[in-house]
Amino acid sequence: MSVEPEVPIVQVEEVRENPVLYKIISSDNHVFTISEHAVKLSKTLWDLITNLGLTAENALDNPIPVENVNGKNMETIVQFCERHKYDEEEPEYTNYIREFVLPEWDRQLLSIDNEELFQLILATNYLDIQKLMDYCCRVIGDMAKDKTPEELRIIYGIPTDAEDDALERSASDSPGPSG
Amino acid sequence: MDYVEFEYWFMRFVKRDFNLHYDRSRDPKQLTFSELPTDMLGEVVEFLNPKERKIARKVSKTLCAAVDRQKIDYNQIEVFIGSAEKITVAYNKDTIEYKGSPSGTIIDLRGYKKSIDNLNYVDLAFNDLAISLKPSRILVKSLRVSIEEKSDVGVINRFLHFLQSIPTGFHVKETLIETANTTLALSILSVLKPGTLETIEMFTAEGKAENHERIVEMEQFKQAKTVLLRRFGIFDPSYLQRFNGFRRFQLVLNTVEPRDIYLLRE
């Protein structure tokens, strides 16, 4: 299957060390090129590549459509994977609180509004990229530092339980599609 | 303009997008924090310390449930019940002191003092402890309980009642119980989950024979790997065989017969 890209291919990084490249098409038809080492960070994509039997020879001729992730999120994800493709595997955490230093480059990458961050988390979860998931959750967790419950409600856009109940009630009171 | 709206425009400006006429209604439906799948909320909670988790529980039912579902492994919890209207609880060395005052309670959090009127120091201390131990999958690596000799019996009974009310049992790996009252020490020990509890250390002041009988019958004792009993009294040799399960033990016995040594060797 060959899908014609509607927009120019986004070449994220020239890969000299590893010539195997894959093409990914986002839900809004943006096309991304990603190296083999980088794509391995996504368990979902790597499983897909393995199952499709893509090789160095046919990888670029067979773009992988990812319908659950839009171009904006995919661009961030590809940048992240390319940046971290040679990272060593981190030891499993054993403490009750997770702690690690969030690199400045990643903090900059994730300096986006909450709505975008939540969307990115969903995309990351779908593509199963544990490291990016950890970083996103860490950024959201950091927002809770030294905040009161009321401040957290405002920052995260969480309604109070009373507001939530009222919304639920109005939703259940409103007539359904048939009535 | 609420914070979420403000943040949206702020981030656009940061990215040098100054189009104030942009129509947000064309954007896809906004995703909110509460709409994230529960396991992701759980991952966010993993980055919060105990104090932040307590605050997060108060935000909404969803977040409260996410905090309570989260597995928490405390390295150390220490509870000191003092005789002078004082309870100190330390979570991983983060110490909070609750002191009774004529108007209510004075809380001392690492030197920062706060007075809370009309609330009893015992209620506050045990309520905070209950919240900290609320998650269903909690494991405390080390629990130390120290109760001063002349502490209020009512406070001690409430502490015991609180421990007994933990629905899934109290999962602790190592414990040090320091109290003059051996019966009380054993009551505290009895609420700790047998099997999880590997090390028992007790520092008591009396060694009644009835307590010897009681401890060797307890599952916590039978399943522990290490037991250290200080000032627990002199054991009768008939209990000697109960210690066979341990790789090493040291006991003070009132008498010892060659038969006991023989049985032990066997």
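Values in this document were obtained by computation on a predicted structure and should not be read as measured data. Letters A, B, ... are given to chains in the order of the sequence lines, protein chains preceding strands, and every chain is numbered from 1.
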What do you reckon, is [atom1] of [X] surrounded by more than 12 foreign heavy atoms closer than 6.0 Å?
| X | atom1 | answer |
| --- | --- | --- |
| B/K99 | NZ | yes |
| A/E104 | CD | yes |
| A/K72 | NZ | no |
| B/K222 | NZ | yes |
| B/Y112 | OH | no |
| A/K40 | NZ | yes |
| B/K141 | NZ | no |
| B/K173 | NZ | no |

Non-hydrogen atoms of [X] and [Y] that approach each other most closely:
| X | Y | value |
| --- | --- | --- |
| B/A56 | A/L152 | CA-CD1, 4.2 Å |
| B/L48 | A/A144 | CD2-CB, 3.8 Å |
| A/T148 | B/I55 | C-CG2, 3.9 Å |

Checklist entry - A/L122 and B/L36: side chain to side chain contact (heavy atoms under 4.5 Å, CB included), yes or no, with the steps? => result CA-CA 8 Å; A/L122 286 186; B/L36 287 178; 4.2 Å; yes
Rounded at 0.5 Å granularity, tell me how far [atom1] in [X] sits from [atom2] in [Y].
| X | Y | atom1 | atom2 | value |
| --- | --- | --- | --- | --- |
| A/D134 | B/E46 | CG | CD | 8.0 Å |
| A/E115 | B/T32 | CD | OG1 | 8.5 Å |
| B/F33 | A/I155 | CZ | CD1 | 11.0 Å |

Checklist outcome for this item: One option among A/I112, A/D142, A/V139, A/D146 has the most heavy-atom pairs under 4.5 Å with chain B, and it is A/I112
Next on the checklist: For A/E150, which atoms come within 4.5 Å of any heavy atom of chain B: side chain, backbone, both, or neither?
Outcome noted: neither
Next on the checklist: Less than 4.5 Å apart, side chain to side chain, heavy atoms only: is that true for A/M133 and B/M40?
Outcome noted: yes
Checklist entry - Hey, does A/Q130 have a side-chain heavy atom less than 4.5 Å from the side chain of B/E43? => result yes
